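Below is one structure, written out as structure tokens, with a few remarks after it.
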Amino acid sequence: NIFYYLTLYNENYAMPPMGNEPQLEQDILRGGYCWRRSKSRGAPVHLLASGSIMQQAITAAQQLESLGYAPHIWSITSCVDLMITQTHLEA
């Protein structure tokens, strides 16, 4: 049995650039990385996004910062890999 998952979007926007932090490629392969850390001193809020929803996460982060929060945006490349990595770390 084979399962194909195909997603199509008709939105035209530039993808945010990949950062150059150490271990970034490993974090991507593990399922996620912090794309943007807030410099605000408010209560932290973690926004997880991928693909086209990243644009809405960026907008939400701006709104949250204006309200005094410190939103961190995480790019989630694979929820499955992220859960597996977390399970191994907790073991």
Side-chain angles (χ1 to χ4, degrees):
N1 294 336
I2 298 174
F3 177 78
Y4 293 97
Y5 181 83
L6 178 65
T7 304
L8 302 173
Y9 302 102
N10 64 355
E11 299 176 63
N12 188 15
Y13 60 87
M15 291 297 293
M18 186 173 94
N20 57 4
E21 294 82 22
Q23 294 290 100
L24 181 60
E25 288 185 29
Q26 288 299 319
D27 291 343
I28 291 170
L29 294 173
R30 286 188 186 114
Y33 65 97
C34 191
W35 179 75
R36 179 184 166 266
R37 290 193 186 277
S38 176
K39 294 179 180 13
S40 189
R41 294 185 182 193
V45 176
H46 298 277
L47 302 172
L48 296 101
S50 182
S52 64
I53 200 72
M54 185 64 101
Q55 300 303 308
Q56 284 74 28
I58 293 168
T59 300
Q62 292 167 346
Q63 292 173 349
L64 287 165
E65 277 189 332
S66 72
L67 295 172
Y69 293 95
H72 307 298
I73 302 174
W74 293 80
S75 176
I76 303 304
T77 54
S78 171
C79 287
V80 172
D81 290 338
L82 191 60
M83 289 185 289
I84 290 171
T85 300
Q86 183 63 31
T87 302
H88 288 289
L89 291 174
E90 292 174 351

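Remember, predicted model here, so these are calculated numbers, not experimental data. These values consider heavy atoms only, across backbone and side chains, with no hydrogens, waters or symmetry-generated copies.
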Would you list the atom pairs, donor with acceptor, under 3.5 Å between side chains in residues 67-76 and any protein atom, with sequence neighbours excluded?
| unit_1 | atom_1 | unit_2 | atom_2 | d |
| --- | --- | --- | --- | --- |
| H72 | ND1 | S38 | N | 3.1 |
| W74 | NE1 | H46 | ND1 | 3.0 |

Heavy-atom closest pair, residues R37 and C34: CG-SG, 3.4 Å

Starting at OG1 of T59, measure out to CG of L47 and round the result to the nearest 0.5 Å. 10.5 Å

Considering residues, nucleotides and ligands other than E25, do more than 12 of their heavy atoms fall under 6.0 Å from its CD? no

Please identify each residue that fulfils side chain to side chain contact (heavy atoms under 4.5 Å, CB included) with Q62, with sequence neighbours left out. I58

For E65, the salt bridge (Lys or Arg N to Asp or Glu O under 4.0 Å) test, sequence neighbours excluded, returns R36

